[in-house]
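Input: a single structure, listed below in structure tokens.
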Amino acid sequence: MRKPIIAGNWKMNGSRDSIKTLLDGIKAGMGDVKAAEVAVCAPYIYLPDVADQLKGTAVAWGGQNLSTEEKGAFTGEISASMLLDFSCKYVIVGHSERRTLYGEDDALVAKKFAVAHKAGLTPILCIGETLEEREKGITEEVCARQLKAVIDEVGIKTLGEGVIAYEPVWAIGTGKTASPEQAQDVHAFIRGMLAEHDQGVADGLRIQYGGSMNAGNAKELLAMADIDGGLIGGASLKAEDFLAICTAAD
Ligand code: PEP
């Protein structure tokens, strides 16, 4: 039985004040969250505040990116050990915004997965097709390519110790959600691909859906057999909305 995981991706949003309000709200509502594991992925600079505020609670936290390097002359970068210094559990790798806006290719994303895992973080690997790719009918090909890059780099067992987030790029931040059936089809394809390598990993690995998941559509999406949680952008910025998604996993 896979425990669903709901993770907020705050992206480049918030302030010290707004984050305090948000986390106070989430903490106050966590008593109602029965089934899901809950995490928030914050901008680097707020991680010390987040760690202080979430220490001893049931909410985990993480980064949104990391460097492949351990330390040194890499201005502006943050290493895995720095994330661990603030007790991060998770780190997102390969978010489509990193892939498209910052040129992160499959090989770099795979390296980031490897570095994060080796350091002791749990990587949340984002994969997913653009609208153009979906319209061309190559959704599965794209997801398979993105997944294969990580399997080739770290092996199936190590991939199995992370989390996958299937995020159709056309659904991210657009208000256009994949239908539960569309999402389930791709999740089942991903699990099938994992099963070709290792049935145990396929059975145990959690595959989140991400792309305009909100309080109104979460229940239907999370009810699908192969959807094991959500990676939530916009709707993770309001405690009430985020908590409604967390409880929809019950
Ligand atoms: C995301 O950024 O991972 C995401 C799913 O964003 P949104 O929920 O806003 O579409």
Side-chain angles (χ1 to χ4, degrees), residues 4-14 18-19 22 26 36-44 46 50 59-66 88-102 104 109 112-113 116 121-131 133-134 139 142-143 146-147 150 162-180 182-184 186-187 190 206-222 224 226-249:
I5 169 167
I6 307 293
N9 172 17
W10 293 349
K11 313 194 189 196
M12 197 173 72
N13 290 299
S18 72
I19 284 169
L22 175 57
I26 293 173
E37 181 179 346
V38 178
V40 294
C41 294
Y44 293 139
Y46 295 128
V50 170
V59 183
W61 58 95
Q64 300 172 8
N65 184 27
L66 82 166
C88 286
K89 177 168 184 193
Y90 292 101
V91 63
I92 298 172
V93 297
H95 191 280
S96 69
E97 286 150 19
R98 302 284 332 158
R99 292 179 190 262
T100 56
L101 301 174
Y102 300 98
E104 294 194 8
V109 171
K112 288 188 175 197
F113 188 105
L121 292 158
T122 300
I124 298 176
L125 169 69
C126 299
I127 61 172
E129 80 289 0
T130 62
L131 183 58
E133 289 164 339
R134 173 159 285 262
T139 295
V142 169
C143 292
Q146 292 172 336
L147 216 48
V150 180
V163 173
I164 292 175
Y166 166 60
E167 299 208 300
V169 180
W170 48 272
I172 296 179
T174 57
K176 265 193 236 162
T177 319
S179 69
Q182 276 175 322
Q184 167 59 27
V186 183
H187 281 236
I190 294 167
R206 293 176 297 178
I207 308 174
Q208 299 173 304
Y209 167 80
S212 300
M213 192 188 270
N214 58 39
N217 60 30
K219 210 166 184 65
E220 270 190 317
L221 284 159
L222 294 168
M224 304 309 283
D226 290 294
I227 300 184
D228 310 312
L231 184 58
I232 319 297
S236 71
L237 297 172
K238 270 179 64 187
E240 197 189 336
D241 294 349
F242 187 59
L243 286 164
I245 297 171
C246 295
T247 50

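Remember, it's 1-based here, ligands and their atoms both numbered in the order they're listed. A quick note: this is a predicted structure, and the numbers were derived from the prediction, not measured.
Residue Ala171 places a heavy atom less than 4.0 Å from ligand 1. Within the 4.0 Å heavy-atom shell around ligand 1 one does not find Ala235.
For the pair Ile172 and ligand 1, the shortest N or O to N or O distance does not fall below 3.5 Å.
When the shell of 6.0 Å around NZ of Lys238 is examined, it contains 12 or fewer heavy atoms from other residues, nucleotides or ligands. Heavy-atom neighbours of Glu220 CD from other residues, nucleotides or ligands within 6.0 Å: at or below the threshold of 12.
Minimum heavy-atom separation, Leu121 to Pro123: O-CD, 3.3 Å.
Listed by number with element, the atoms of ligand 1 under 4.0 angstrom from any heavy atom of Ser212 are 7 (P), 8 (O), 10 (O). Below 4.0 Å from some heavy atom of Gly173 lie the following atoms of ligand 1, by number and element: 7 (P), 9 (O), 10 (O). Ligand-side atoms of ligand 1 in range of Gly211: 5 (C), 10 (O), range being under 4.0 angstrom from any heavy atom. Set against the non-hydrogen atoms of Leu231, the atoms of ligand 1 under 4.0 Å away are 3 (O), 5 (C).
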List the steps and the verdict of salt bridge (Lys or Arg N to Asp or Glu O under 4.0 Å) for Glu167 and Arg99. CA-CA 12 Å; Glu167 299 208 300; Arg99 292 179 190 262; over 6 Å; no
Apply the test side-chain contact (heavy atoms from CB on, under 4.5 Å) to residues Asn214 and Ile232: give CA-CA distance (whole Å), side-chain angles for both, the deciding distance (0.1 Å), then the verdict. CA-CA 8 Å; Asn214 58 39; Ile232 319 297; over 6 Å; no
Applying side-chain contact (heavy atoms from CB on, under 4.5 Å) to Leu125 and Lys112, what does each step give before you reach the verdict? CA-CA 10 Å; Leu125 169 69; Lys112 288 188 175 197; over 6 Å; no
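Among all non-hydrogen protein atoms, the one lying nearest atom 8 (O) of ligand 1 is Gly233 N, 2.8 Å. The single protein non-hydrogen atom nearest to atom 3 (O) of ligand 1 is Glu167 OE2, 2.7 Å, given as residue, atom name and distance. When hydrogens are left out, the protein atom nearest atom 1 (C) of ligand 1 is His95 NE2, 3.2 Å; that is the closest non-hydrogen contact. Looking from atom 9 (O) of ligand 1 to the surrounding protein, the closest heavy atom is Gly234 N, 2.8 Å.
Contact annotation for Asn9 and ligand 1: only side-chain heavy atoms (C-beta onward) come within less than 4.0 Å of the ligand.
Using a cut-off of 4.0 Å between Lys/Arg side-chain N and Asp/Glu carboxylate O, Arg134 and Glu129 are scored as salt-bridged.
Between Tyr209 and Gln182, the side chains place no donor N or O within less than 3.5 Å of an acceptor N or O (distance only, hydrogens not considered).
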